[in-house]
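A quick write-up on the structure given underneath.
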Number of protein chains: 2
Amino acid sequence: MKNRLPTHDPTSDAERWFDAVYRVRASAGDVDQRAQAIALEQSVEVPLAAVTDRRVREDVVGRVARVVACGDAFEVTIRLAVETAGTDAGQLLNMLFGNSSMQDDVTLIDAHFAPGLTAAFGGPRFGIAGIRDLVGVHGRPLTCAALKPQGLTAGQLAAIAETFARAGIDVIKDDHGLADQAAAPFADRVGAVQGAVDRANDVTGHRCVYAPSLTGNLDQMRARRAIAACHGVRMFLLAPMISGVSTLSALAREASAPLIAHPSLSGVARIAPPLLLGKLFRLFGADASIFPNAGGRFGYSLDTCAQIVAAAREPWHGLLPALPVPGGGMSVERVPEMRSIFGDDAMLLIGGSLLMPQEPLLARSRQFVEAVAQGMH
Amino acid sequence: MKNRLPTHDPTSDAERWFDAVYRVRASAGDVDQRAQAIALEQSVEVPLAAVTDRRVREDVVGRVARVVACGDAFEVTIRLAVETAGTDAGQLLNMLFGNSSMQDDVTLIDAHFAPGLTAAFGGPRFGIAGIRDLVGVHGRPLTCAALKPQGLTAGQLAAIAETFARAGIDVIKDDHGLADQAAAPFADRVGAVQGAVDRANDVTGHRCVYAPSLTGNLDQMRARRAIAACHGVRMFLLAPMISGVSTLSALAREASAPLIAHPSLSGVARIAPPLLLGKLFRLFGADASIFPNAGGRFGYSLDTCAQIVAAAREPWHGLLPALPVPGGGMSVERVPEMRSIFGDDAMLLIGGSLLMPQEPLLARSRQFVEAVAQGMH
């Protein structure tokens, strides 16, 4: 699927720069100097006096665009040259925060890109509509369950998946810990699980989708994707901060199936989650993005979650919206609340709590499905 | 080059587990529960009650091995199953800190691996001795200069490189911001710079090595490595936290040339720098590891730097030592101090300060070379 792009002039000034926004802890007397230092660190990485070439000074050196007091810190906007980032996702991240990530007075909180740059990356190739078409679900949030725990055999995992699918779950994703372990090697697991999901779909008439986790290097991911495709798999999970965002971008550009981004290793401390999990993963091609919902096992606030969701879905230079996937310690009881907060264009992920032994898995999974189908009533 | 491995029994209990050490902020009353929660988060990612399979409970669920009060926090050692990590670098990082990276009361401070696991990764393929052989330098630290600023043409960068090489610098690395930009596309740059270095080597009789930066996805890195090899390039730079550590590991396993790891983006994830830049990058195959030296533009303490250096060089299950590369705002004036701290088995990196216009580049670079040759005398 192609992105619809607004017309733009790639040589215009607006197209030649992008903005990185940092939160900087500094005194009012120091902040201008600190802002200038970040502008150099994230562009030429030399003192300005060492930049003797006029073109580099004018076209390449980062520029301090804005310094605004913001609580007990400053919001510093640095204008960086698009020519330094090119069209590689890793290099864009490198220019946004590579060295400054090691300076603990700085947090990367946002970034703004002109249409030419977003078009060059392309964003989600399937997006919310593509995922909805795949699973055949409209007018309500999607449901997602996680296949776990690791250590089970392929057959045991397949049995759990079959139960999820029979209960009416829309998307079954591998636990992010599942890779190619001996207990359930990727090829065995994917064959068994997809077969189980297919059998359940034959019974239910639904189109439940299984999204196995792609791990390893790009070669290994492609080989596993090919094996999975042979079994009829139509969606994948990967963790871009572990694989490298260039790997996400490469897989997205091949556009063979929707990609769900997992936030593993994304940290909380120094890149604002709405930027990383919402905006950047979307930019680089994630069709859906899992994030730790407020009130679960992770410390994200409701406001942070709302910002992640906005970044994933809001109109943005014609890129497709990405499906936000709140998870991380959610339960069936929280479905009405999640639905009221995130609306219909979301996929609600319930992991471990479905697997608690007090209640049969099928019944518990059906409660999840019914809670979403009923919405807030 | 092959690693010399101690004999070991892969089925022994010691070989079936590895230890992750976390610093956890918690009250004395809460820490045991918090430790147990981390053990689950980093292994099965479900409540213990949901783990009904006996084998998974015994062989896969993480175990709290030790909780020790440490200042105002606790040092918590969790034993994780080797079978969950396998031999993929990304998956090992995922199991060490994937989800816990999003919990801001936890820092990953160390990890301990049995010989079987380290052998499976293999560590540096060239290491300190391999790099010394390549550049023909023994008995003193190596010198390293950075090619910058980005935005210059390939010809301009080649002229700087030629000056560095004529001054006697041992290793010239690309600035970590150099990728495949239009101003100096990778192929043009590498051809021009390696040619310039070769010309200088013909004059000096030295064996100065150029290490261009590999960026993009694994395909692109391999293609660029092949282009560079055609020009006679014999060393490379990459940033594992941007490329993904599995990409580092894949390139190391191909063992075509020494790899220098750059710490870009390493500051975001609350992983202690000695573990990440010293131990893990070494484990995954970096032959040299750049780190921000104390007293430069980054906030690392001398103690942190000493720990990074120890982790890179100390004997470790027969893995080759990796060359520590202090940099990040260093100057010629600090050479004696760096040499006294880090000893001879290091590579001293001076970047921007060589390029300051007050003094001719050749003279300034020669001062650097002479300061290192003279050592502390």
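The figures that follow rest on heavy atoms only: side chains count, while hydrogens, waters and symmetry mates do not. Quick note on labels: first sequence line is chain A, next is B, and so on, each numbered from 1.
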- For B:His176, is it the side chain, the backbone, both or neither that has a heavy atom under 4.5 Å from a heavy atom of chain A? both

- Region of B:Met95 that comes under 4.5 Å of a non-hydrogen atom in chain A: side chain

- In terms of heavy-atom pairs under 4.5 Å with chain B, which of A:Pro149, A:Gly351, A:Gly98 leads? A:Gly98

- Among A:Gly86, A:Pro357, A:Ala146, residue most engaged with chain B (heavy-atom pairs, under 4.5 Å): A:Pro357

- Give a yes or no on whether the backbone of A:Glu83 and the side-chain of A:Arg16 come within a donor-acceptor separation of less than 3.5 Å. no

- Query: Who among B:Ser213, B:Gly244, B:Ala183 has the most heavy-atom pairs with chain A under 4.5 Å?
  - Reply: B:Gly244

- Sort B:Asn94 into side chain, backbone, both or neither according to what part of it lies under 4.5 angstrom from a heavy atom of chain A. both

- Note on the structure: Of B:Val51, B:Thr52, B:Asp219, the largest count of non-hydrogen pairs under 4.5 angstrom with chain A goes to B:Asp219

- Message: Quick check on the interface: out of A:Gly216, A:Ala179, A:Ser43, who has the most heavy-atom pairs with chain B under 4.5 Å?
- Response: A:Gly216

- Measure B:Arg222 against the heavy atoms of chain A and call it side chain, backbone, both or neither at under 4.5 Å. side chain

- Task: For A:Thr87 and A:Ala120, indicate whether the former's side chain and the latter's backbone hold a donor-acceptor pair under 3.5 Å.
- Result: no

- Item | Polar side-chain atom of A:Ser249 near backbone of A:Asp88 as donor-acceptor pair, under 3.5 Å | no

- Query: Who pairs with A:Asp174 by salt bridge (charged side-chain N to carboxylate O under 4.0 Å, His left out), at least two apart in sequence or on another chain?
  - Reply: A:Arg189

- Determine the option with the most heavy-atom pairs under 4.5 angstrom with chain B, choosing from A:Ala85, A:Ala37, A:Ala49. A:Ala49

- Query: Does any N or O in the side chain of B:Thr163 come within less than 3.5 Å of the main-chain N or O of B:Ala159, such that one atom is a donor and the other an acceptor?
  - Reply: yes

- Message: Is there a side-chain contact between B:Phe291 and B:Thr304 in this structure, where contact means two heavy atoms from C-beta onward sitting under 4.5 Å apart?
- Response: no

- B:Thr84 and A:Gln150 side chains, donor-acceptor separation under 3.5 Å: no

- Is the closest side-chain heavy-atom distance between B:Glu15 and B:Val82 below 4.5 Å? no

- Query: Is it the backbone or the side chain of B:Val60 that comes under 4.5 Å from a heavy atom of chain A, or both, or neither?
  - Reply: side chain

- Query: Checking B:Ser331 side chain against B:Ser353 main chain: does a donor-acceptor pair fall under 3.5 Å?
  - Reply: no

- Query: Most heavy-atom pairs under 4.5 angstrom with chain B, which of A:Glu45, A:Gln91, A:Met356, A:Gln181?
  - Reply: A:Glu45

- Message: Distance check, rounded to the nearest 0.5 Å: B:Glu41 atom CD versus B:Phe97 atom CZ?
- Response: 11.0 Å

- With a 4.5 angstrom heavy-atom cut-off, could you sort out which part of B:Gln42 is near chain A: side chain, backbone, both or neither? neither

- Message: For B:Ala239, which atoms come within 4.5 Å of any heavy atom of chain A: side chain, backbone, both, or neither?
- Response: neither

- Query: What residue, out of B:Leu354, B:Leu93, B:Leu152, B:Thr247, has the most heavy-atom pairs lying under 4.5 Å from chain A?
  - Reply: B:Leu152

- Query: Which atoms of B:Pro263 come close to chain A, meaning under 4.5 Å heavy atom to heavy atom: side chain ones, backbone ones, both, or neither?
  - Reply: both

- If you tally heavy-atom pairs under 4.5 Å between each of A:Asn99, A:Asp175, A:Val61, A:Thr215 and chain B, the highest tally belongs to A:Asn99

- Query: Can you list every pair that meets salt bridge (Lys or Arg N to Asp or Glu O under 4.0 Å) and has a residue in residues 91-102 of chain B, with sequence neighbours left out?
  - Reply: none

- What part of B:Asn217 gets closer than 4.5 Å to chain A, counting heavy atoms only: side chain, backbone, both or neither? both

- Task: Examine whether an atom of A:Asp104 lies under 4.5 Å from a heavy atom of chain B, and if so say whether it belongs to the side chain, the backbone or both; otherwise answer neither.
- Result: neither

- Only residue of B:Arg63, B:Arg55, B:Arg57 satisfying salt bridge (Lys or Arg N to Asp or Glu O under 4.0 Å) with B:Asp59 is B:Arg55

